[in-house]
Participant: 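Have a look at this one.
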Amino acid sequence: MSKHNLRASLLAGLALVALFLAGCAAPTTPVPAATPTVAAATATTAPPPTPAGPTGTLVVGLAAESEAMDPYFVYQNAGQSIMRAIFDNLLDRDFDGKIIPGLAESWTIVDSKTLEFKLRKGVKFHNGEDFDANSVKFSIERMLNPDIKAGGRSQYASIDNVAIVDPSTVRLNLKKTDAALVQALANLQMLPPNYLKQVGDAGFGKAPIGTGPFKFVEWIKDDHTTLEANLNYWGGSFKGKPQVKTVTFRPIPEASTRIAELKTGRVQIIQDLSTDQVKDVESSGFKAVPLDTGSHFDIWLVSDAGGPLADKRVRQALNYGVNVEGITSALLQGYGQRIASPFAPGVMGYDPSIKPYPYNVDQAKTLLKDAGYANGFTVTLDACTCDRLDLTQAVVGELAKLGVKANIRSFEISIFNDNWIKHTTGEMIAARLGGAGDPSTLLNFWVRTKGLLTRFSNSDVDTLIDQGSGTMDVAQRTETYKKLSQTLHDDPPAIYLWNSIYLYGVSPKLVGWKPHASNQIIVSNVAIK
Amino acid sequence: MINYILQRLLYNAIVLLGVTAVVFGLTFLTGDPASTLLPLNTPREDIELFRHQMGFDRPVPIQYFDFLSKVARGDFGISLRHREPALPLVLERLPATLRLALAGMFFSLIIALPLGLLAAMFQGTWIDSLARVLMLLTQVVPGFWLAIVLILIFGVQLRWLPVSGSEGWQSLILPGFVVGTFAIPSIARLLRSSLLEVLGKEYIRTAYSKGLSGRMVFLRHALKNAAIPVVTVMAFQVGSLLGGAVIAEVVFAYPGMGRLAVQAITNRDVAVVQAFVLLSGTIIVTTNLLLDILYTWLDPRIHFA
């Protein structure tokens, strides 16, 4: 079972928790910039040429089984890939992660506590039921209903009520300004109210119905889920129309088995390839396709509470002193780019003009000397047994060259997390962060002074975080986050390492497939030669 | 007979009680169950409320008795991941695992019995040596590795058999073989040594002196008597077959309860893990009970005492 699976499954179901340590858990999606009012989406990719109607069967090898068939209880990327095929969201994200219209063709920020959505007309659910304002109201209210116990509920908690203006216009009245809400609405599937009332929650979980490009056929747990093309799928979705008649999703937990199935031709796309498997896949004539706009990244958090690490110069020195490119080329087969701040590519506020710390041992040693630590010092580093020890040791080796001795303490993940929450970790923590929509959530979590996991304090940073979450205006927020990115680069609360890469194995027979920024697999607009 | 069975049942109940204690302890294995089960960002007061609602703030013995009384009614609680009662989740995957275990038993018997027989019949010759090397090989080759090698040879290169999934009997061959190898060495070795022991007995000499053919002596007299310890060890192998099924199910993406359990372990889905462990324990204990009864039929010297 791959590292990703292990950690992904760790806290499945708890969207916010998946913020950290979870490579592919939760509806983790990069955070793009969006404008308050967006015109109708245009199909960005040319669909492959189709004969008369969809033909053939596409088989996808997922790394895990879907938790459920009711989209409000599906949290991992594996299951979310199936949900993407059956359902459409109110808003959506394009392949690069940018927020775009979904079943709402446009939206407006009326004031700081009101959002208005214009809905697409003429869209029908698979059972013929019309999609309209009532479907939106019903879906949001179901998500918010505490009895339903949907894992993502807290992301929508700022919604006070949903008002139907007319059949194709809805207003969300909020309890307070919620900068992250637009991001969350891009994860919210629209459900058919009449059908759900008729079959009930349990019935819906057995035979889900959405507006998406594929219709549900059957789910044999732990074996396969079969969908068939929705010939009446509405035009204009970024996902494109279905090009194959049938799609089968097969959960295959073991990575070598997924590759074997790809090679036999019984599966055409596989999830979660590791970097050391790329050669094997490519030498057999298959493609290894990377998703490099992912929003997760590996960093080592450092505490500024006392000791050498309280000095900004020391934290800068550690960033100068690690040969990240050397490590990624030797141990990650060249995948993974060095990051300059917690705003990785694909996150709102990412600024390519802020360059990562260059590898410069002399500069690092000078800074350490200036800070009074010319002979280095010793710290304790907490690592999770779910992480790759060779990567951790490589970074430890780099620090040793500066005279900084990091003693590794390895913990099983629940204890690792527990120490983190209870602030009983060493001075350094090897962590993976990112994902889960809006940057504000993550920043409050580990950067803002006294955040649940914060080991750091900088009042400028706190002010910028508050500014960023005080408005729903995306352009303004983007600017604020760029400033924040620079501040966090100069006063680093961590050693910035690399952003995580997701890899897929793809059959050369597939035409038109590309990775989606969410690391979920989109199966429409894909044909088989 | 009735008394004997009742006595065995009582023993088995005690064993299962021990298993429940271990299973219950699982909840506490990774520290405070509340922090294991709740998301990391849960506010303190919610954690306390959850502890209270789940009864984690009560004394451990009371929690254990509560757990026991629920388990006796088949209630292991709700799976965190699947949001369904844990026991039915495991039970609905049991038939698939039993099919796999049976396939495993089949493969282990058709390999182990000839191996043991040949080794005993040709004791000291190269056939014996070869058979013993094969027994050793099945013991030392890791199941996980063997599974991948079989996939590469029969699935990817030769394309004779499906690589993974469950599409009828063909899908049972590779995983069944892998599961079977877990039981081969002990069955084959025991058959060999117990045949050798029996072949030296006086009644075998008597049989020969009656003028019976070698084959007749071997099959009718030696094999039947050598079978008793083999039957014993076969029943013990139910545990290794179930254990082997866990590995095989994951590698071959086979939809059984072992794979569910592995998934539950990585998800900290304690209820499902508990249901799985206790169910497996019950299966093993029950097989041993049936075996005890079977003995009395195989070997009249064993009495219902």
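Proteins come first, then strands; the chains are lettered A, B, ... in the order of their sequence lines, and each starts at number 1. All values below come from the heavy atoms of this structure, side chains included, with hydrogens, waters and symmetry mates left out.
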Participant: Taking the side chain as C-beta and beyond, is there a heavy-atom pair between B/F144 and A/E254 under 4.5 Å?
Facilitator: yes

Participant: Output the distance between atom CZ (B/R81) and atom OG (A/S66), rounded to the nearest 0.5 Å.
Facilitator: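 One finds 7.5 Å between CZ of B/R81 and OG of A/S66.
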
Participant: Check B/A253 against A/D223 and note the closest heavy-atom contact, atom names and distance.
Facilitator: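 For B/A253 and A/D223, the tightest heavy-atom pair comes out as O-OD1, 4.5 Å.
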
Participant: Between B/S79 and A/E67, is there a side-chain heavy-atom distance shorter than 4.5 Å?
Facilitator: no

Participant: Could I get the full list of salt bridge (charged side-chain N to carboxylate O under 4.0 Å, His left out) partners for A/R250, not counting sequence neighbours?
Facilitator: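 A/R250 satisfies salt bridge (charged side-chain N to carboxylate O under 4.0 Å, His left out) with A/E261 only.
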
Participant: Please list, one pair per line, the donor and acceptor atoms closer than 3.5 Å that link side chains of residues 99-109 of chain B to other protein atoms, with sequence neighbours excluded.
Facilitator:
unit_1, atom_1, unit_2, atom_2, d
B/S108, OG, B/G104, O, 3.3
B/S108, OG, B/M105, O, 2.9

Participant: Is there a donor-acceptor contact under 3.5 Å from the side chain of A/R266 to the main chain of B/S164?
Facilitator: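 Yes: the side chain of A/R266 pairs with the backbone of B/S164.
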
Participant: Under 4.5 Å, heavy atom to heavy atom: which of residues 167-181 of chain B reach chain A? Give them by number, or say none.
Facilitator: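 Residues in range: B/E167.
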
Participant: Considering all heavy atoms of both residues, which atom of B/V251 and which atom of A/T257 are nearest to each other, and what is their separation?
Facilitator: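 Closest heavy-atom pair between B/V251 and A/T257: O-OG1, 2.6 Å.
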
Participant: More than 12 foreign heavy atoms under 6.0 Å from NE2 of B/H52: is that the case here?
Facilitator: no

Participant: Using 4.0 Å as the upper bound for N to carboxylate O, is an ion pair formed by B/E84 and A/K221?
Facilitator: yes

Participant: What distance do A/D222 atom CG and B/M257 atom CE have between them, rounded to the nearest 0.5 Å?
Facilitator: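 So the CG of A/D222 and the CE of B/M257 are separated by 13.0 Å.
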
Participant: Mind checking which of residues 145-162 of chain B sit less than 4.5 Å from chain A, heavy atom to heavy atom?
Facilitator: B/I148, B/I151, B/G155, B/V156, B/R159, B/P162

